Protein chains: 2
Amino acid sequence: MNKINKKTEYALMALKYFSDNTQGPVLVSAKDLAEKTHTPFDVIARVLQALSSRGILKAEYGVSGGYQLVKNLEDITVYDLMNILESSTELAKCLGSETSCELSSTCTIVSPITNLNHRVQNFYKSISLAEVLHV
Amino acid sequence: MNKINKKTEYALMALKYFSDNTQGPVLVSAKDLAEKTHTPFDVIARVLQALSSRGILKAEYGVSGGYQLVKNLEDITVYDLMNILESSTELAKCLGSETSCELSSTCTIVSPITNLNHRVQNFYKSISLAEVLHV
DNA sequence: TTAAATACGATTAATTTTGACGTATATACA
DNA sequence: TGTATATACGTCAAAATTAATCGTATTTAA
Ligand code: FES
Ligand code: FES
């Protein structure tokens with residue numbers, strides 16, 4: 001289906017909000033972001049946690065806590081984001097995990113798929129979030 | 001999830017079989033291809049029908065019938081194949097169909113997603129099946 | 001006439017994605 | 001020091017999508 005999932009979409013919305021509102025308060029809570037982006041709280045909360053654990057956001061606990069953008073969008077690629085939020089960035093199930101192609105020895109297109117997979121990943125690695133969001 | 005679906009995978013297998021066996025008989029039946037590629041008959045049969053309806057294969061009815069490759073793999077792009085066999089080639093549900101982004105006016109990333117979508121599609125349009133399969 | 005092949009509508013099964021619930025932990029502030 | 005508010009995360013259920021199957025019609029060589 002070649003689609004990015006909702007989590008990646010929500011992440012783009014959140015990051016766009018951060019980069020569009022550099023004047024306002026630095027810390028923005030998950031609740032606020034859910035409202036601003038019209039996304040379900042539970043889901044975007046998870047997304048923010050994931051971005052935080054990967055050093056893109058910084059989390060502040062407590063009453064007036066929230067998240068802060070701490071990485072430059074120029075330095076994050078679309079591939080990075082997918083890697084954090086998609087269940088898998090591989091073009092086929094067999095790639096990447098322990099269920100290796102070589103084991104299922106009947107497959108006739110291991111090397112074509114592997115090759116295409118690399119090309120797609122390199123493509124996504126070549127695009128920064130700054131490029132995507134500042135259009 | 002960014003994955004190609006099984007139908008696209010099976011199509012690659014079938015097309016690879018055709019292009020690897022230019023010496024043998026020109027017509028190959030769905031049954032044969034299912035055996036050669038170790039794929040479920042019903043599914044690959046549908047795939048072959050789809051490729052046939054789009055002018056990539058030519059179908060021959062009857063007892064000694066089957067399919068024949070009638071298009072040059074150089075002239076088919078990965079995008080073409082996805083367009084034939086994937087439920088959608090768009091990066092987000094809202095793109096392309098009648099459920100337009102503009103209608104769901106709360107979305108904050110319509111133009112970024114649209115832009116990224118074009119880039120991805122152009123990327124897939126730039127790769128031919130010959131390039132993919134002859135590695 | 002019959003067997004073997006394509007064509008396709010409809011349905012079911014399997015998998016993946018999305019969202020929700022419950023609870024633990026941390027911190028500012030009254 | 002208690003309370004409200006915020007992040008963190010394990011688990012589960014619902015929804016959507018993908019994959020596979022069943023049944024039947026049509027075409028044609030032998
Ligand atoms: S088993 Fe990996 S491409 Fe087929
Ligand atoms: S509605 Fe189309 S990208 Fe959000």
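The shown structure was predicted, so the numbers you read here are calculated from the model rather than taken from an experiment. Quick note on labels: first sequence line is chain A, next is B, and so on, each numbered from 1.
- Separating the CD atom of A/Gln49 from the P atom of D/dC9 is a distance of 6 Å, rounded to the nearest angstrom.
- Note: NZ (A/Lys7) to P (D/dC9) measures 13 Å, nearest angstrom.
- Here C/dT17 presents its P atom at 12 Å from CG of A/Leu85, a figure rounded to the nearest Å.
- Taking atom CD1 of B/Ile44 as the reference point, atom P of D/dT21 lies 13 Å away to the nearest angstrom.
- In this structure, of C/dG19, D/dT18, C/dT6, it is D/dT18 that holds the atom nearest to the side chain of B/Ser87.
- For A/Lys36, there are no side chain to side chain donor-acceptor pair (under 3.5 Å) partners, not counting sequence neighbours.
- If you measure from atom CD of B/Glu35 to atom C1' of C/dA4, you get 14 Å, rounded to the nearest angstrom.
- In this structure, A/Ser53 reaches neither bases nor backbone, as no heavy-atom distance under 4.0 Å exists between it and the strands shown.
- For the pair A/Val28 and A/Tyr67, the minimum side-chain heavy-atom distance is 4.5 Å or more.
- In this structure, B/Ser126 contributes its side chain and B/Phe123 its backbone to a donor-acceptor pair below 3.5 Å.
- B/Asn83 places no side-chain N or O within 3.5 Å of a backbone atom of B/Tyr79 that could act as its donor or acceptor partner.
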Would B/Glu9 and B/Lys3 count as a salt bridge (charged side-chain N to carboxylate O under 4.0 Å, His left out) if you check the C-alpha gap in whole Å, the side-chain angles of each, and the deciding distance to 0.1 Å? CA-CA 10 Å; B/Glu9 261 192 71; B/Lys3 283 201 172 12; over 6 Å; no
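- Nucleic acid contact for A/Asp42: base, since at least one base atom lies under 4.0 Å from a heavy atom of the residue.
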Heteroatom pairs (N/O) under 3.5 angstrom, protein to nucleotides 4-6 of chain D:
from  : atom 1 : to      : atom 2 : distance (Å)
D/dT5 : O3'    : A/Val63 : O      : 3.3
D/dA6 : O4'    : A/Gly62 : O      : 3.0

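- Between B/Arg54 atom CZ and C/dT6 atom P the separation is 20 Å, expressed in whole Å.
- Across the protein-nucleic acid pair, A/Lys6 atom NZ and C/dA20 atom P stand 13 Å apart, rounded to whole Å.
- For B/Lys125, the NZ atom counts as densely surrounded, since its 6.0 Å shell holds more than 12 non-hydrogen atoms of other residues, nucleotides or ligands.
- In this entry the distance linking CG of A/Asn2 with C1' of D/dT17 reads 15 Å, nearest Å.
- Of the possible donor and acceptor atoms, one in the side chain of A/Asn5 sits under 3.5 Å from a partner among the backbone N and O of A/Thr8.
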